[in-house]
Amino acid sequence: MLQYNLPRNLPSADELPDSDETPVDNELQELIPGLLKAILLILWSERMDWFFGIDMGIYYHPDKPAIVPDAFLSLGVERFYDEELRPSYVLWDENVLPTFVLEVVSPTYRKEYSTKLEEYQALGVLYYVIYSSRRRRKPRLEVHKLVNGKYELQPGHPVWMSEIGLGIGCERGNYSGVTREWLYWYDADGKRYLTPEEQVKESAQRADRLAQRLRELGIDPDNQT
């Protein structure tokens, strides 16, 4: 449960701006979080205790502007609470801090490795993830974990986040018709979870193999009643 000092009379999410009105600098800031969310919607389709926000304001104090990461994941909250969905993520309403925050570094540097890191650290976000495809000599993906109030860079790839039950890493693939390096979720053994498109393709391939096996047994799968 979230506990910190706040004024008594607090605005609701509907009374607060739902955006900082700052446009994204790069389409990847939408597509990369979008792919992660699309995978989760299938992987955790039976769960209703999580929320993945994209370019959504996180309000931590009514008199201060919202923090707007490219994406964040909260556990132990309602997936949605009415048909209007969340206009923003208000900590004094949710009572749960995001467990995971993602920033995708754009051509316009936005202090992801300095000011934002300090903000998420002060707020108490457990995992702060930074991805920059433009990096050459340093890791493009950094996963920082809060340990005794300070962020520590986590080794390895993919990085397993036990508190979430997911790993995160990057590799080349195709999403939305674009072949490049993307971020993906991984299991505890380092195996990548499939994208929705890959799952559809895999299901079709299984169906084709089954149909071929039935034909070999003298059964016409296209003429079954």
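Sequential numbering from 1 along the given sequence is applied to the chain's residues. Keep in mind it's a predicted model, so treat the numbers as computed, not measured.
Hydrophobic clustering, with ILVMFWY side chains joined whenever heavy atoms are under 4.5 angstrom apart, groups L85 together with M48. V178 and I39 fall within the same hydrophobic cluster, where Ile, Leu, Val, Met, Phe, Trp and Tyr residues are linked whenever their side-chain heavy atoms come under 4.5 Å apart, directly or through other members. Linking Ile, Leu, Val, Met, Phe, Trp and Tyr residues whenever their side-chain heavy atoms come within less than 4.5 Å places L41 and L43 in a single cluster.
With a 4.5 Å cut-off on side-chain heavy atoms, D70 and I32 do not count as touching. Using a 4.5 Å heavy-atom threshold, the side chains of L35 and Y184 count as touching. When side chains are defined from C-beta on, M161 counts as touching I168, because their heavy atoms get closer than 4.5 Å. Between D55 and V68, some side-chain heavy-atom pair lies under the 4.5 Å cut-off. Using a 4.5 Å heavy-atom cutoff, the side chains of F51 and F72 are in contact. Annotation: side chain of L36 is in contact with side chain of L102 (closest heavy-atom distance under 4.5 Å). Here the side chains of S74 and V125 are not in contact, with every heavy-atom distance at 4.5 Å or above. Side-chain contact between L126 and K145 is present, with at least one heavy-atom pair separated by less than 4.5 Å.
Between atom CG of residue L141 and atom SG of residue C170 there is a gap of 5.0 Å, rounded to the nearest 0.5 Å. In this structure, CD on E163 lies 8.5 Å from OG1 on T99, to the nearest 0.5 angstrom. Between atom CG of residue L183 and atom CG of residue L31 there is a gap of 11.5 Å, rounded to the nearest 0.5 Å. Atoms OG and CD, on S176 and E27 in that order, are 7.0 Å from each other to the nearest 0.5 Å. Separating the CD atom in E94 from the CD atom in E78 is a distance of 8.0 Å, to the nearest 0.5 Å.
Inspection of the Q154 and Y127 side chains reveals no N or O donor paired with an N or O acceptor under 3.5 Å. Side-chain atoms of E181 and Y131 form a donor-acceptor pair, as typed in the model, at a separation below 3.5 Å. Y186 and E171 form a side-chain donor-acceptor contact under 3.5 Å, judged by distance and modelled atom types alone. Residues Y59 and S88 bring no donor and acceptor atom of their side chains to less than 3.5 Å of each other.
The aromatic rings of Y175 and W182 sit perpendicular, their planes meeting at an angle over 60°, well past the 30° parallel limit.
For the residue pair Y60 and W92, the shortest heavy atom distance occurs at C-CZ3, 3.7 Å. For the residue pair L194 and E198, the shortest heavy atom distance occurs at CA-OE1, 3.4 Å. Closest approach of G124 to L97, counting heavy atoms only: O-CD1, 3.8 Å. The two residues L28 and P33 make their nearest non-hydrogen contact at O-CD, 3.6 Å. Listed here is the closest heavy atom pair of Y128 and E112: OH-O, 2.6 Å. Minimum interatomic distance between I164 and L75 (heavy atoms only, all atoms of both residues): CA-CD1, 4.0 Å.
When the options W50, W185, F52 are evaluated for a ring pair (Phe, Tyr, Trp, His ring centres under 6.0 Å) with W44, the one that passes is W50. The side chain to side chain contact (heavy atoms under 4.5 Å, CB included) test with Y151 singles out one residue from E142, E118, Q121, and that residue is Q121.
A donor-acceptor pair is defined here as one N or O able to donate and one able to accept, closer than 3.5 Å; no such pair exists between the side chain of W160 and the backbone of G156. A distance-only check finds a donor-acceptor pair linking the side chain of R86 to the backbone of R79 [under 3.5 Å]. Judged by distance alone, the side chain of D187 and the main-chain N or O of D189 form a donor-acceptor pair under 3.5 Å.
Residues passing the side chain to side chain contact (heavy atoms under 4.5 Å, CB included) test with T179 are R172, N174, sequence neighbours excluded.
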Which is it for L123 and L91 under the side-chain contact (heavy atoms from CB on, under 4.5 Å) test, yes or no, and what are the steps along the way? CA-CA 11 Å; L123 194 59; L91 289 184; 4.0 Å; yes
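Counting heavy atoms of neighbouring residues, nucleotides and ligands inside a 6.0 Å radius, atom CZ of R47 exceeds 12 of them. In this structure, K37 places its NZ atom where more than 12 heavy-atom neighbours from other residues, nucleotides or ligands lie under 6.0 Å away.
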